[in-house]
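First the structure, which I've put down as structure tokens, then a few questions once you've had a look.
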Amino acid sequence: MGAVLMPRPYLEEVFKDSGVPTYTFVKPTEYTKLLVSLRTQGKGLVVEGPSGIGKTSSISRGLEELEINSKITKLTARKTGERELIKNIPLEEPEGLIIIDDFHRLDPDTKNSIADYMKTLADEESSRTKLVIVGINKAGDSLVKFAKDLNNRIDTIRFESNPEEKVIELIENGEKALNISINTKYEIARESQGSFHIAQMLCKQICTDGEVLEAEEEHKVVTTSLEIIKQKVFDDLSRAFYETARTFATGPKLRKDGRAPYLHILYWLAISNEWALDLSQAIRDYPQLRSSVNTLMEQGYLESFLNGDNASMFADCIHYDSNTSVISVEDPKFVYYIRNIQWKKFVTQVGYKSITFKSNYDFALSFAGSDRYIAEAIFAKLTVEEVSVFYDKNEQHRILAENVEEYLGPIYRSEALFVIVLLGPDYPKRIWTKFESQQFKNRFGERSVIPIWFDNSPVGLFDSTTDIGGIEFKRDGEFEQQINYICDALLKKLAEHRVLTKKEFKNNQKKTKTHKDEFVQLSLFGNDD
């Protein structure tokens, strides 16, 4: 009998942008540890890391290699029907190895139930049931949050970005299967930034452009320009993801003069090497956005937005875990897209007028305790408009254990763009209002103090402020109407200031002919036009 000729593999079978690779599988650095943990009876396993890094492929290949005889059940929290099966696992106690993928998508009650069950299995050293949890970044942290003493009862394997040599190995496996050489494979490896998925995507596009549709009978060198390929991939991804990125960047409503917290979160995600962002850390790294981003987290606005009317748009791209304050990108293609956005152009396309922030706060409220209800109403109204407001009650947890004078002094002296002073009859009587007024008294000449006079204050009490433009508040007037009027005036003032600041910045650029701006936030977006 003659030799049996194997069919030549197709391009899409070699460089796969979905599913487990056949020809291009590469064992990640964590593979050996994964094998040991998979065959350890009873002890739960958590496999975490960004999408497209090789978690699911490695588990599938590992199970094949180990030839595990027990029943294997694979469930994913992406599917409604399977979420119900996952929820019932602790009740039904099924046998075998059970893999729960996309664990981060489960509701808190189900996560808690699974955590308790994993602890029970570990304590019993069960030989009949083993749970394997698969999720994006910090899935293990999320699990342990529900069962504090679970940490030492499970194995957690974190899949990091793959080293460049592993990505090159993947490409070379594909070259061998297709009988080709890709002249830019080292550049592709760097461009992939550790993602097997992105490497597969770029290689598939290069081969398509080089008219390599299946394994070549004679060796072929593919010499397509990587820059051309990158642009083609980006254009394709733009059609798929521009609307998602734009919708997230604007938040529930485009507020052109706000601090654009959603836009900045998206940008921070783009520059994160881990494809995930701890927002608690981010607001420490970028204090200019601390107040506005913190409001999104603490008030539940970010979670509500992602689960709201556009939930289906975000579901496969972005995930936010309010328990850990970590926001992650689930789709590697979306990661690649936002990393290659021309951000200054994107900001304009989205509709923002300016993102130049010289101060940490747009407004700081100074008031006597008896007028707190008015201050709180102004704070609530302004923060909905995505401006940054210092309001002591909102930052009480940060003030704890701090030297209060050292903490508050800089805010009223310089860190707030404008100081709003509620000049009620009790204002001069309070110790802290005296302290605060001492901090901003020199700012009256800078046109950055906005007085609000109360009509029940004694005549002549605040005569020194009457030559400054302010607003009158009438105690017996309609409350909501007056708060709306005050806030609308403040927002118009802020918008006018932003326009003037932007013009000043552009004029300074023309004069100095440099791109080194003093406005911290604008520099984040580089100089790409």
Side-chain angles (χ1 to χ4, degrees), residues 17 50-52 136-137 161 187-188 190-195 197-199 201-202 205 225-256 258-277 279 282 285-286 288-289 292-293 296 302 305-306 310 313-320 327-357 386 502 515 517 519-529:
D17 48 17
S51 297
I136 57 176
N137 297 278
S161 293
E187 290 85 350
I188 293 171
R190 286 192 292 272
E191 181 70 16
S192 301
Q193 294 184 294
S195 169
H197 189 101
I198 291 174
M201 177 180 67
L202 293 173
Q205 184 65 51
S225 164
L226 180 59
E227 291 304 314
I228 293 174
I229 294 303
K230 285 169 57 179
Q231 189 59 51
K232 287 187 176 182
V233 169
F234 182 78
D235 290 344
D236 286 342
L237 295 179
S238 293
R239 286 187 280 274
F241 294 124
Y242 171 77
E243 193 58 29
T244 301
R246 187 199 65 79
T247 302
F248 184 88
T250 61
K253 177 183 177 183
L254 175 62
R255 295 174 170 88
K256 295 182 180 181
R259 290 223 161 191
Y262 292 93
L263 172 70
H264 284 87
I265 290 172
L266 188 67
Y267 174 75
W268 296 337
L269 266 174
I271 62 176
S272 170
N273 291 329
E274 296 187 357
W275 300 10
L277 183 71
L279 289 178
D285 295 338
Y286 304 101
Q288 292 82 5
L289 274 298
S292 52
V293 173
L296 297 189
L302 177 57
F305 175 56
L306 290 174
N310 296 301
M313 177 186 289
F314 298 132
D316 293 328
C317 296
I318 301 172
H319 174 76
Y320 175 60
I327 187 166
S328 308
V329 179
E330 295 200 48
D331 190 330
K333 295 185 180 71
F334 186 68
V335 168
Y336 189 80
Y337 172 68
I338 63 175
R339 281 181 174 173
N340 287 278
I341 286 175
Q342 291 183 332
W343 281 93
K344 283 180 68 177
K345 181 179 179 181
F346 180 72
V347 167
T348 304
Q349 289 175 330
V350 167
Y352 287 104
K353 293 179 181 178
S354 172
I355 50 167
T356 58
F357 308 127
E386 296 179 3
K502 189 174 182 181
H515 294 282
D517 77 81
F519 302 117
V520 178
Q521 234 21 64
L522 185 62
S523 66
L524 290 177
F525 297 99
N527 295 314
D528 48 331
D529 295 315

Answer yes or no: is there a side-chain heavy-atom contact under 4.5 Å between L296 and L279? no
Got a sec, which residues hit side-chain hydrogen bond (donor to acceptor under 3.5 Å, both in side chains) with Q349, two or more places apart in sequence or on another chain? none
Closest non-hydrogen atom pair, I265 against L277: O-CD2, 4.1 Å
Closest approach of G351 to K256 (non-hydrogen atoms, all atoms of both residues): O-CG, 3.2 Å
Here the gap from Q231 atom CD to N340 atom CG, rounded to the nearest 0.5 Å, amounts to 9.0 Å
Give, for atom CG of L289 and atom NE2 of H264, the distance between the pair rounded to the nearest 0.5 Å. 4.5 Å
State, to 0.1 Å, how close I198 and P332 come at their nearest heavy-atom pair, and which atoms those are. CD1-O, 3.8 Å
Restricting to side chain to side chain contact (heavy atoms under 4.5 Å, CB included), what partner residues turn up for T244, sequence neighbours left out? M313, F314, C317, F334
What residues form a salt bridge (charged side-chain N to carboxylate O under 4.0 Å, His left out) with D316, not counting sequence neighbours? R78, R105
Distance (rounded to the nearest 0.5 Å) between D17 CG and L202 CG: 11.0 Å
What distance separates L226 CG from R190 CZ, expressed to the nearest 0.5 Å? 9.5 Å
Restricting to non-hydrogen atoms, name the atom on S328 and the atom on A276 that form the minimum distance, rounded to 0.1 Å. OG-CB, 3.5 Å
Interatomic distance, I327 atom CD1 to L266 atom CG [nearest 0.5 angstrom]: 8.5 Å
Can you tell me how the ring of F241 sits relative to the ring of Y337, calling it parallel under 30°, perpendicular over 60° and tilted otherwise? tilted
Counting C-beta onward and ignoring hydrogens, is there a side-chain heavy-atom pair between L302 and Y262 closer than 4.5 Å? yes
Going from CZ on F305 to CG on N310, what distance comes out if it is rounded to the nearest 0.5 angstrom? 6.0 Å
Test salt bridge (charged side-chain N to carboxylate O under 4.0 Å, His left out) applied to R339 - qualifying residues, sequence neighbours left out: none
Under 4.5 Å between any side-chain heavy atoms of D285 and W268, yes or no? no
Side-chain heavy-atom pair E386, K253 within 4.5 angstrom cut-off: no
For R246, check salt bridge (charged side-chain N to carboxylate O under 4.0 Å, His left out) against everything at least two apart and list the hits. E243
With sequence neighbours left out, the residues meeting salt bridge (charged side-chain N to carboxylate O under 4.0 Å, His left out) with K230 are E191, E227
Working note: Y352 + L254, criterion side-chain contact (heavy atoms from CB on, under 4.5 Å); need CA distance, chi angles, decisive distance, verdict. CA-CA 8 Å; Y352 287 104; L254 175 62; 3.7 Å; yes
W343 versus I271: any side-chain heavy-atom pair under 4.5 Å? no
Could you check whether any side-chain heavy atom of D236 comes within less than 4.5 Å of a side-chain heavy atom of Q205, counting everything from C-beta outward? yes
Scanning both residues in full, the closest heavy-atom pair of H319 with E330 reads CB-OE2, 3.3 Å
